[in-house]
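For the numbers below, each heavy atom of this structure counts, side chains included, while hydrogens, waters and symmetry mates do not.
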Amino acid sequence: MRSALVLVALVLAGFALSFAVSEYTLRLLNMAVIAAVAVIGLNFAFGYAGLISLGHSAFVGLGAYGLAILTTKAGWSPWLAALPAVTGTGLVAAALGYPLLRLKGHYLALATLGLNVSFSIVAANWIELTGGTNGIAQIPGLTLAGHKLDGERPFLWFGLAVLAVLGLAALAIHASRLGRAMMAVRDDETAAAMTGIDVTGVSVTAFVLSAVYAAIAGCLFAVHVHFVSPDDFNYAHSITFLSMLIVGGEGSVAGAIVGAALLTFLPEWLRVLGEGYLAFFGLMMLAILIFLPTGIAGLLRRWRRPKLPPQDAGADLDGAVGR
């Protein structure tokens, strides 16, 4: 319940900001919302199931290219094109998940990284379908109840609504039997298997959910920017998504949103550093991994946790010994 309230508070904060910031900041907020949808998806694989995926951007690209191709080449409505784009991405993830998830740890990370590199190569060279390095332009925007969502502010309101629905769905999955099974697999696969959990099935399900959320983010990106190219979905973006989740706090939907927003705005805030930004970013990630391994969400949880006074703690200990 508390997590849902935090999520709603973040969405309402974004809605309130939409009336008080410039057009450029609104565009950054839209990119942060799109990134947050993708990072919530990555949270299924990495945060819940413990799968180290460095190919998340490839699934974002599959969703974006699927919508772009169907709308520009087949003349479909973006609303209609989003359905096969997202469904197709989920099916691809399921087909790839069974062989890929036989790998563990850094082997899985390298395999998913290779998947992302392969996607970029195919997108750049299948010119007849993807437009090659020139990409696909003139992707139509969304129209809702007769109103076009081309402006930054209307699109932000729509994006926040999508983020709220997907975030609440992620929280519901986290609290469900499936979510508990994912976390059991993450903590100890052997123990999970001994309790009757289908480890492979749960891992593939987490991988597919991750890809579906990524594809939705890709569809949002395509209808917002109206252009897609291979560079928009290279492996560097996968590393950025993973960094967002680590900074915000793995296993936390609110943390995924905060991490996505922070790392979307951080390059703008630190533009004065120029090329030095990359060095700052690397040092920041190193510091978070060492001193704040549970991210911003973990830090806030520690601050919220009530501390017993020494005498109360002693009394509890005496009572436990007496029992």
Donor-acceptor pair, [X] side chain versus [Y] backbone, under 3.5 Å?
{"X": "Thr87", "Y": "Pro84", "answer": "no"}
{"X": "Ser210", "Y": "Gly41", "answer": "yes"}
{"X": "Thr25", "Y": "Val21", "answer": "no"}
{"X": "Ser252", "Y": "Gly248", "answer": "no"}
{"X": "Trp76", "Y": "Leu67", "answer": "no"}
{"X": "Asp232", "Y": "Ser229", "answer": "yes"}

Side-chain contact test, heavy atoms from C-beta onward, threshold under 4.5 Å: evaluate it for [X] versus [Y] and give yes or no.
{"X": "Pro154", "Y": "His147", "value": "no"}
{"X": "Val258", "Y": "Met244", "value": "no"}
{"X": "Ile121", "Y": "Ser118", "value": "no"}
{"X": "Ile296", "Y": "Leu262", "value": "yes"}
{"X": "Phe46", "Y": "His56", "value": "no"}
{"X": "Val60", "Y": "His237", "value": "no"}
{"X": "Lys73", "Y": "Ile69", "value": "yes"}
{"X": "Leu96", "Y": "Leu101", "value": "no"}

Hey, which of Val8, Val253, Leu171 is the one that makes side chain to side chain contact (heavy atoms under 4.5 Å, CB included) with Ser3? Leu171

Show, in sequence, the C-alpha distance, side-chain angles and deciding distance for Phe44 and Thr205, and conclude whether the side-chain contact (heavy atoms from CB on, under 4.5 Å) test is met. CA-CA 9 Å; Phe44 284 113; Thr205 301; over 6 Å; no

Separation of [Y] [atom2] from [X] [atom1] (nearest 0.5 Å):
{"X": "Phe59", "Y": "Phe241", "atom1": "CZ", "atom2": "CZ", "answer": "12.5 Å"}
{"X": "Leu266", "Y": "Arg271", "atom1": "CG", "atom2": "CZ", "answer": "12.5 Å"}
{"X": "Leu108", "Y": "Leu100", "atom1": "CG", "atom2": "CG", "answer": "7.0 Å"}
{"X": "Glu152", "Y": "Arg27", "atom1": "CD", "atom2": "CZ", "answer": "5.0 Å"}
{"X": "Phe280", "Y": "Leu273", "atom1": "CZ", "atom2": "CG", "answer": "7.0 Å"}
{"X": "Ile246", "Y": "Leu42", "atom1": "CD1", "atom2": "CG", "answer": "9.0 Å"}

Contact summary for [X] and [Y], nearest pair of heavy atoms:
{"X": "Ile40", "Y": "Ala170", "value": "CG2-CB, 3.8 Å"}
{"X": "Ala137", "Y": "Thr72", "value": "O-CG2, 3.8 Å"}
{"X": "Val223", "Y": "Pro140", "value": "CG1-O, 3.9 Å"}
{"X": "Gly132", "Y": "Pro230", "value": "O-CD, 3.4 Å"}
{"X": "Leu142", "Y": "Pro78", "value": "CD2-CB, 3.7 Å"}
{"X": "Val204", "Y": "Gly97", "value": "CG2-C, 4.1 Å"}

Worked verdict on Ser238 versus Asn116 for side chain to side chain donor-acceptor pair (under 3.5 Å): CA-CA 8 Å; Ser238 290; Asn116 207 148; 2.4 Å; yes

Let's go through Lys104 and Ile52 carefully: what are the C-alpha distance in whole Å and the side-chain angles of both, what is the deciding distance for side-chain contact (heavy atoms from CB on, under 4.5 Å) to 0.1 Å, and is it a yes or a no? CA-CA 8 Å; Lys104 306 298 178 186; Ile52 305 175; over 6 Å; no

If you count heavy atoms of other groups shown closer than 6.0 angstrom to [atom1] of [X], is the number above 12?
{"X": "Gln138", "atom1": "CD", "value": "no"}
{"X": "Phe119", "atom1": "CZ", "value": "yes"}
{"X": "Trp79", "atom1": "CH2", "value": "yes"}

Applying the 4.5 Å side-chain criterion to the ILVMFWY set and letting contacts propagate, would [X] and [Y] be lumped into a single cluster?
{"X": "Leu91", "Y": "Val122", "result": "no"}
{"X": "Leu80", "Y": "Phe158", "result": "no"}
{"X": "Leu28", "Y": "Leu270", "result": "yes"}
{"X": "Leu12", "Y": "Leu166", "result": "no"}
{"X": "Leu156", "Y": "Phe19", "result": "yes"}

Report the C-alpha separation of Ser203 and Thr200 in whole Å, then their side-chain angles, then the decisive distance to 0.1 Å, and conclude whether the side chain to side chain donor-acceptor pair (under 3.5 Å) test is met. CA-CA 5 Å; Ser203 298; Thr200 301; over 6 Å; no

Audit row: Leu209, Met182, side-chain contact (heavy atoms from CB on, under 4.5 Å) steps and yes/no: CA-CA 12 Å; Leu209 284 171; Met182 289 180 188; 3.7 Å; yes

Should Glu23 and Arg153 be marked as a salt bridge (Lys or Arg N to Asp or Glu O under 4.0 Å) after you check the CA-CA gap, both sets of side-chain angles, and the distance that decides it? CA-CA 8 Å; Glu23 192 77 6; Arg153 186 173 287 108; 5.2 Å; no

Ile34 and His224: side-chain contact (heavy atoms from CB on, under 4.5 Å), yes or no, with the steps? CA-CA 9 Å; Ile34 294 170; His224 177 243; 4.3 Å; yes

Take the angle between the ring planes of Tyr48 and His174 and call it parallel below 30°, perpendicular above 60°, tilted in between. tilted

Hey, what's the ring geometry for Phe15 with Trp157, parallel, tilted or perpendicular (30° and 60° as the breaks)? tilted

Checking ring-ring contact (aromatic ring centres under 6.0 Å, His included) against Phe221, which of Phe227, Phe233, Phe155 comes through? Phe233

